[in-house]
Chemist: 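I have a structure I would like to understand better, so I am pasting it below and will then ask my questions one at a time.
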Protein chains: 2
Amino acid sequence: MSEIMTRSIQDYLKHIYELNEYGSAASTNDLAARLNIAPASVTGMLQKLANSKPALVVYKKHQGATLTRPGEKAALEVIRHHRLLETFLVTTLGYSWDEVHCEADKLEHVISEDFEARMAKALGHPTRDPHGELIPTADLVMPADKSCPLASLRTDDTATVRRVSDDDPALLRHLRKIGVVPEVKIVVKSYSEFDGNLTLQVEGQKLNVVLGKAITSQVFVDK
Amino acid sequence: MSEIMTRSIQDYLKHIYELNEYGSAASTNDLAARLNIAPASVTGMLQKLANSKPALVVYKKHQGATLTRPGEKAALEVIRHHRLLETFLVTTLGYSWDEVHCEADKLEHVISEDFEARMAKALGHPTRDPHGELIPTADLVMPADKSCPLASLRTDDTATVRRVSDDDPALLRHLRKIGVVPEVKIVVKSYSEFDGNLTLQVEGQKLNVVLGKAITSQVFVDK
DNA sequence: AAAATTATTTAGCTTCACCTAAATAGTTTT
DNA sequence: AAAACTATTTAGGTGAAGCTAAATAATTTT
């Protein structure tokens, strides 16, 4: 076994990376849910990725998976492709930010390193994609991110929207409509203990908005 | 069995289309050579394509394959993707004409209809790709082509280069160097019975060139 | 027309990445 | 601590798309 990066493997690594970012090891079930496949299938693949040379994940029965160095590099490669592609589609073909995710998910596995380099150059080596998510550098380092969930703010906190999760087009359209997009400043006018709702004053918007946890957990801000 | 268009199937259909254009049915061996797989594997796939609903090819043992209407439409879809992509890569990312084929071969299977439409619009609905090859229309009709091989010209014939085969990068670099590119006018100064060499005067070039059949059979012109 | 050569097909096998059903391990609840 | 529940793994199986080796059909040469 060696360096054969199939589409599936790239998808596994990408999602393991994202789950690892969150907390600790990526569980079988979480991966299965994200990949839309049966948990049993995930177990098989994790065993394979752990036994490949070089190993791409560290995996112990019932304890989920984390990426090894080579696995992380491979994941960052895919994530760099994805985020550059999203940026490219928006600036070059006039896609809106809720339309790019799907297309990028397919293209990310297929473009050459040359294509990647040409996009990066044409776009002026961007550091964030249209949703504000950080783009790994050409040498596959993920820049540090100190943003926190909007949901963690409380009354009178002020912050700047940094990034939003890109995988729900409907949420993205809603956020655009209410002006919650990267680089916009917000002020928390009130917080509700019971449902976790936040009332926000959004820069450039006349009316305040009330957002529930389903939304505020998907938006990340810098204080 | 129904409308599942895998990458492999798309590749088979594309190459069958191109072989059909040439002469008659696409033979097992010719397909195997183009696809870089064993002839035995081709037989299996042709049987499958002929028995699918709807049938994508007409196939009789030992007589090769031709496309049905649905098969041709599917092939033209892939070819339209390929040729629009080549055009897009050249105009948008500064690829040169010998570099685009490979990348387009991978991307053609992956882009959405939306991506196709956006490219076509951004490029002003081009009718030919960078090699001069005709791009099937959005409703999947291949425009008529009356060009003939440069190899069929004789002394004192004049013609305009229309298109060149795109699958050999080295040949493309050579053609560019000697100025044999689409829309350029040429005059045949002499023809050699023995080796089929043609001596050409190429518009915009100081010196005449002598080209063998390996080249002149890959260049197509309008008289 | 027989022999030789070339093209194609059949048969049986492999790998990849998934699946379901059943078994087991780990975690909560009572 | 047992019972119940949830998460995970094992076992066995599928379809896609390739492979090799051997058989057969078609074509060309002698």
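Lettering of chains follows the sequences in order, A, B, ..., and the numbering in each one begins at 1. Side chains are part of it too, since the values below use all heavy atoms of this structure and drop only hydrogens, waters and symmetry mates.
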Chemist: When you get a sec, tell me which of dT8(D), dT8(C), dA17(C) is the closest nucleotide to the side chain of H62(B)?
Modeler: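 Nearest listed nucleotide: dT8(C).
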Chemist: How many Å lie between CE on M5(A) and P on dT15(C), as a whole number?
Modeler: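 Atom-to-atom, M5(A) to dT15(C), this comes out as 20 Å.
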Chemist: Does R118(A) use its side chain to pair, donor to acceptor, with the backbone of G94(B) at less than 3.5 Å?
Modeler: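 Looks like yes, one N/O pair under 3.5 Å.
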Chemist: Quick one: is T28(B) getting a side-chain N or O under 4.0 Å of the dT9(C) phosphate, OP1 or OP2?
Modeler: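 For dT9(C), OP1/OP2 do have a side-chain N/O of T28(B) under 4.0 Å.
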Chemist: If you check the K48(B) side chain, which of dA17(D), dT9(C), dC16(C) turns out closest?
Modeler: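 Of dA17(D), dT9(C), dC16(C), dA17(D) is nearest to the side chain of K48(B).
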Chemist: Starting from P on dA17(D), measure out to CG on L13(B) and report it in whole angstrom.
Modeler: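 Answer to the nearest Å: 11 Å.
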Chemist: Expressed as a whole number of angstroms, how long is the span from L46(B):CG to dA16(D):C1'?
Modeler: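 Distance check: L46(B) CG to dA16(D) C1' gives 15 Å.
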Chemist: From C-beta outward on M45(B), which listed nucleotide comes closest to its side chain: dT8(C), dA17(D), dA17(C)?
Modeler: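 Looking only at side-chain atoms, M45(B) lies closest to dA17(D).
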Chemist: Of the listed nucleotides (dG18(D), dT8(C), dC18(C)), which one gets closest to any side-chain atom of N29(B)?
Modeler: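 Selected nucleotide: dT8(C).
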Chemist: Any Lys/Arg nitrogen of D98(A) or R176(A) sitting under 4.0 Å from an Asp/Glu carboxylate oxygen of the other?
Modeler: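 Answer for the salt bridge query: no.
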Chemist: Can you see whether Y191(A) has R154(A) sitting over its ring - NZ or CZ less than 6.0 Å from the centre and within 45° of the normal?
Modeler: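 Ring-cation test returns yes.
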Chemist: So which protein N/O to nucleotides 10-14 of chain C N/O distances come out below 3.5 Å?
Modeler:
{"from": "dT10(C)", "atom 1": "OP1", "to": "K61(B)", "atom 2": "NZ", "distance (Å)": "3.0"}
{"from": "dT10(C)", "atom 1": "OP2", "to": "Q47(B)", "atom 2": "NE2", "distance (Å)": "2.5"}

Chemist: Counting only side-chain heavy atoms from C-beta out, which of dA26(D), dC19(D), dA16(D) sits nearest to A38(B)?
Modeler: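 Selected nucleotide (nearest to the side chain): dC19(D).
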Chemist: Using modelled atom types and a 3.5 Å cut-off, is there a donor and acceptor pairing between side-chain atoms of R83(B) and backbone atoms of L134(B)?
Modeler: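 Yes.
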Chemist: Separation of L35(B) atom CG from dG18(D) atom P, in whole Å?
Modeler: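 These atoms are roughly 8 Å apart.
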Chemist: Can we say D139(B) and K73(B) salt-bridge, meaning some charged N sits less than 4.0 Å from an Asp/Glu carboxylate O?
Modeler: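 Between K73(B) and D139(B) there is no salt bridge, as every charged N stays at least 4.0 Å from the carboxylate O atoms.
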Chemist: Rounded to the nearest Å, what distance is computed from the CD atom of residue Q63(A) to the P atom of nucleotide dT27(C)?
Modeler: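 Rounding to the nearest Å, CD of Q63(A) and P of dT27(C) are 9 Å apart.
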Chemist: Is any side-chain N or O of Y12(A) closer than 4.0 Å to OP1 or OP2 of dC16(C)?
Modeler: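 No, no such contact exists.
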Chemist: Look at the side chain of T6(A) and decide which nucleotide, out of dC16(C), dT8(C), dA17(D), has an atom nearest to it.
Modeler: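 Looking only at heavy atoms from C-beta outward on T6(A), the closest nucleotide is dC16(C).
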Chemist: In whole Å, what is the span from the CD1 atom of I37(A) to the C1' atom of dG15(D)?
Modeler: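 The distance from CD1 of I37(A) to C1' of dG15(D) comes to 16 Å, rounded to the nearest Å.
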Chemist: Just wondering, more than 12 heavy atoms not from H125(B) lying within 6.0 Å of its NE2?
Modeler: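 Buried by this count: over 12 neighbours within 6.0 Å.
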Chemist: Please state whether the phosphate of dG18(D), meaning OP1 or OP2, lies under 4.0 angstrom from any side-chain nitrogen or oxygen of S8(B).
Modeler: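 For S8(B), the contact criterion (side-chain N or O under 4.0 Å from OP1 or OP2 of dG18(D)) is met.
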Chemist: For the pair made of CG in L31(B) and P in dT8(C), what is the distance, rounded to whole Å?
Modeler: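 Roughly 10 Å, once rounded to whole Å.
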Chemist: Rounding to an integer number of Å, can you tell me how far K60(B) NZ sits from dA25(D) C1'?
Modeler: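 From K60(B) NZ to dA25(D) C1': 17 Å.
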Chemist: Main chain of A65(A), side chain of N20(A): is a donor-acceptor contact present, judged purely on distance under 3.5 Å?
Modeler: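 Confirmed, N20(A) side chain pairs with A65(A) backbone.
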